[in-house]
Amino acid sequence: MAAPLIRVEGLHKHYEIKGGRSVPVLHDVNLSIAAGEFVAIMGPSGSGKSTFMNILGCLDTPSSGHYFLNGQDVAELGHDELASLRNSLIGFVFQGFNLLKRVAALDNVALPLLYAGVGRTERRLRALEALQQTGLKKFAQSLPNQLSGGQQQRVAIARALINRPPLILADEPTGNLDTRTSQEIMEVFTRLNREQGITIILVTHEHDIAHYADRLVRFVDGRVERDGAAL
Ligand SMILES: Nc1ncnc2c1ncn2[C@@H]1O[C@H](COP(=O)(O)OP(=O)(O)O)[C@@H](O)[C@H]1O
Ligand SMILES: [Mg+2]
């Protein structure tokens, strides 16, 4: 059987703060996520959801325990190996869209390719393809402030897709959007999961949003309190 895309074992995280004190955030988290799953993460504010997502995204490291990404113990990787694994496997979507304001949608989407040294023509083609996947191709030349919040988030999802990653991590991607727009964004994620088999892990506060997922993991005080089928 293939290794799960994500496996965490005995994961603990604490932050060191001033005065030599340590703030515990995650306690003994054990979780596997297979390729192709659509998982919602819920839990009260401060329960460790973003900390957990940052560890899954290799943006932060556990204090103890193991994280295997695609079968690889990420603690064994050097800085460059980790960056290249992250770039090839993971697309990130954030609550605040994080688009460059003075740059057209197309160029926002293509930005990761610019950093990767991909030539202009290919950047353009692939960015248009990614915008097509989120239904925003005709807004390729628009600036972020000419787009609605939902459209901006579609640009951000297209940017997350640009390296054709098998995994998307989204931390409260509908947190700044109204209900109707949130549903549209969730339909985009659902389509990417169903039609392209992209694994989606998404943090949300809202049950209506979590319903789009197949599996619901609930954190309370840094522990997994529930892990099962989404209702
Ligand atoms: N860099 C940090 N330094 C110290 N404490 C932090 C840091 N990041 C998060 N925390 C604390 O960790 C806890 C969990 O935060 P977080 O993972 O952001 O929760 P959530 O996303 O569920 O709201 C909170 O108590 C928060 O204050
Ligand atoms: Mg958070």
Side-chain angles (χ1 to χ4, degrees), residues 5-33 37-69 74-75 79 82-83 86 89-99 149-150 152-153 156-157 159-160 165 167-179 181-183 185-186 188-189 199-228 230-231:
L5 183 58
I6 279 174
R7 181 156 64 97
V8 300
E9 283 181 6
L11 194 81
H12 289 258
K13 178 70 182 180
H14 58 260
Y15 289 106
E16 308 289 347
I17 56 167
K18 273 188 248 163
R21 287 207 306 126
S22 138
V23 181
V25 179
L26 295 174
H27 310 269
D28 192 27
V29 177
N30 296 281
L31 207 67
S32 285
I33 296 174
E37 285 199 76
F38 188 169
V39 182
I41 295 183
M42 296 193 81
S45 183
S47 58
K49 304 180 300 295
S50 292
T51 301
F52 183 64
M53 292 290 274
N54 289 343
I55 292 172
L56 295 188
C58 307
L59 302 171
D60 199 355
T61 53
S63 303
S64 63
H66 288 282
Y67 172 30
F68 301 91
L69 175 56
V74 300
H79 182 272
L82 189 59
R86 185 174 58 219
L89 294 182
I90 306 177
F92 294 94
V93 179
F94 304 96
Q95 178 172 357
F97 321 138
N98 298 12
L99 301 175
Q152 289 182 58
Q153 192 60 298
I157 297 170
R159 181 185 55 195
L167 170 63
I168 288 185
L169 297 177
D171 194 348
E172 305 205 32
T174 63
N176 286 355
L177 303 174
D178 61 50
T179 305
T181 308
S182 297
Q183 288 168 349
I185 292 299
M186 292 310 294
V188 173
F189 284 123
T199 308
I200 314 262
I201 307 176
L202 176 146
V203 175
T204 180
H205 274 301
E206 293 168 74
H207 284 281
D208 289 351
I209 295 298
H211 286 165
Y212 285 86
D214 301 315
R215 174 176 170 191
L216 174 62
V217 175
R218 185 173 159 79
F219 279 81
V220 175
D221 293 338
R223 296 176 195 275
V224 174
E225 188 223 48
R226 177 193 187 279
D227 180 3
L231 299 175

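First listed ligand is number 1; within each ligand, the first listed atom is number 1.
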*Give the residue and atom name of whichever protein heavy atom lies nearest to atom 19 (O) of ligand 1, and the separation in Å to one decimal.*
Gly48 N, 3.3 Å
*Name the orientation class of the two ring planes belonging to His27 and His12 (parallel below 30°, tilted from 30 to 60°, perpendicular beyond 60°).*
perpendicular
_For a quick test of reading the model, state the closest non-hydrogen atom pair linking Leu82 to Cys58 and the distance between them._
CD1-SG, 3.8 Å
*Does atom 27 (O) of ligand 1 have a protein heavy-atom neighbour under 4.0 Å away?*
no
*Describe, in one word, how the ring planes of Phe92 and Phe94 are oriented to each other, choosing from parallel (under 30°), tilted (30 to 60°) and perpendicular (over 60°).*
parallel
_Pairing of Arg223 and Asp28 as salt bridge, 4.0 angstrom limit_ = no
*Counting backbone and side chain alike, does Ser50 bring an N/O/S atom below 2.8 Å of the Mg ion (ligand 2)?*
yes
_As a check for students: among Thr51, Ile17, Asn54, Val220, identify the option with a heavy atom nearest to atom 15 (O) of ligand 1._
Thr51
*Only one of His205, Met53, Glu206 clears side chain to side chain contact (heavy atoms under 4.5 Å, CB included) with Glu172; which?*
His205
*asked:* Please report whether atom 7 (C) of ligand 1 has a protein non-hydrogen atom at a separation of less than 4.0 Å.
replied: yes
*asked:* Under 4.0 Å, heavy-atom basis, I'd like to know which part of Val23 is in contact with ligand 1: side chain, backbone, both or neither.
replied: neither
*asked:* The criterion is side-chain contact (heavy atoms from CB on, under 4.5 Å); which residues satisfy it with Pro44, sequence neighbours excluded?
replied: Ser47, Arg218, Val220
*Is there side-chain contact between Leu177 and Phe97, with heavy atoms separated by less than 4.5 Å?*
yes
*Report, in ascending order of atom number, the atoms of ligand 1 lying under 4.0 Å from any heavy atom of Ser50.*
17 (O), 18 (O), 20 (P), 21 (O)
*asked:* Which heavy atom of Ala210 sits nearest to which heavy atom of Met42, and what is that distance?
replied: CB-SD, 3.6 Å
*For atom 9 (C) of ligand 1, find the nearest protein heavy atom and state the residue, atom name and distance (0.1 Å precision).*
Tyr15 CE1, 3.5 Å
_Those atoms of ligand 1 less than 4.0 Å from some heavy atom in Pro44_ = 22 (O)
*Identify the closest protein heavy atom to atom 11 (C) of ligand 1: which residue and atom is it, and at what distance?*
Val25 CG2, 4.1 Å
*Among all protein non-hydrogen atoms, which one is nearest to atom 23 (O) of ligand 1, and what is the separation to 0.1 Å?*
Gly46 N, 2.7 Å
